[in-house]
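Working notes for the structure below.
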Amino acid sequence: MRIDLHTHSTASDGTEAPAQVVAAAAAAGLDVVALTDHDTTAGWADAEDAARHHGIALVRGTEVSARAAGISIHLLSYLQDPAHPALAVELDRTRDARLNRARQIVELLAADVPITWDDVLAQSRDAVVVGRPHIADALVARGVVPDRDAAFAHLLASSGPYHVPHYAPDGTDAVRAIRAAGGVPVFAHPGADARGHIVPDRVFDRLAAAGLAGLEVHHRDHSPAQRARLTAIADRLGLLVTGSSDYHGDGKANRLGENLTAPEVLAAIEEQGTTKVVRP
Ligand code: AMP
Ligand code: ZN
Ligand code: FE
Ligand code: FE
């Protein structure tokens, strides 16, 4: 069983439509794929149709933006009720904040490089969530940088002069909201220290006490040392361990199936979730 529990589509900042992501997952030989767009469930319906068509199982999820210890973190929510207000209201608020923040980033950038808000809108067409990758695509279209990676290296870096943070719920509140909505919360890439700051150990204790179910240990942004640290934390706190690609289509080098989750871990997630895995 090949199970990849973290992918993005054009509903957020991936480059392929939800149905294309599912088709690509089937073509890559996966048995199960999760669609986990940032702060939205907008891609679920198309992904579900495609999963039935291509004979692959689909886990419906969301990558929820949150904050902890002054740092931006991501929590994967699996199998939640998308209509439950506890989570839906928070996601609404985050999407609004992301939109304002993206406008602010573009305003700052426009002082120094050729870019307009319309450029970004032309790139974020189907997206219901606007992110820095769309601004990166606008910079690529303008010939300012060759690709998304180059844009993130300086102009869009979290530590850079044009960065603007956005509202996101506190991590413990987000974990509780995910659980209230019947979802299963897994901390996404918690040890990605090359991307920016990572949370200290005490945050794992707080999130676990709030209902965290697991840690995404196997992810390309994790060094062997981080995987060892996170495995030990998961053991200590009785958390599930997942692995996934964080596929963004052509927007990132991450390939479908490059990291996988064990079938018994998916079974535990499904047991805790409110909605079912869509099976062919
Ligand atoms: P945002 O959600 O707007 O803060 O933007 C962060 C998103 O950009 C994350 O989903 C990352 O996957 C993506 N990202 C971060 N670094 C890079 C990079 N070097 N190349 C492409 N995408 C990136
Ligand atoms: Zn992303
Ligand atoms: Fe993420
Ligand atoms: Fe992601």
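Atoms within a ligand are numbered from 1 in the order they appear, just like the ligands themselves. These figures come from a predicted structure and were not determined experimentally.
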Margin query: Just to be sure I understand the site: which N, O or S atoms from the protein are less than 2.8 Å away from the Zn ion (ligand 2)?
Written below: Asp13 OD1, Asp13 OD2, His38 NE2, His248 NE2
Exercise: do [X] and [Y] side chains pair donor with acceptor under 3.5 Å:
| X | Y | answer |
| --- | --- | --- |
| Asp170 | Thr172 | yes |
| His248 | Asp13 | yes |
| Asp81 | Thr274 | no |

Margin query: No waters, cut-off 2.8 Å: how many protein N, O or S atoms are close to the Fe ion (ligand 3)?
Written below: 3
Next item on the list: May I ask you to check if any N/O/S atom from His8 comes under 2.8 Å of the Fe ion (ligand 4)?
Entry: yes
Can you find a pair of side-chain heavy atoms, one from [X] and one from [Y], that are under 4.5 Å apart?
| X | Y | value |
| --- | --- | --- |
| Asp246 | His219 | yes |
| His189 | Glu63 | yes |
| Val64 | Leu91 | yes |

[X] and [Y] ion-paired at < 4.0 Å:
| X | Y | value |
| --- | --- | --- |
| Arg52 | Glu48 | yes |
| Arg93 | Asp96 | no |
| Arg148 | Asp250 | no |
| Arg95 | Asp92 | yes |

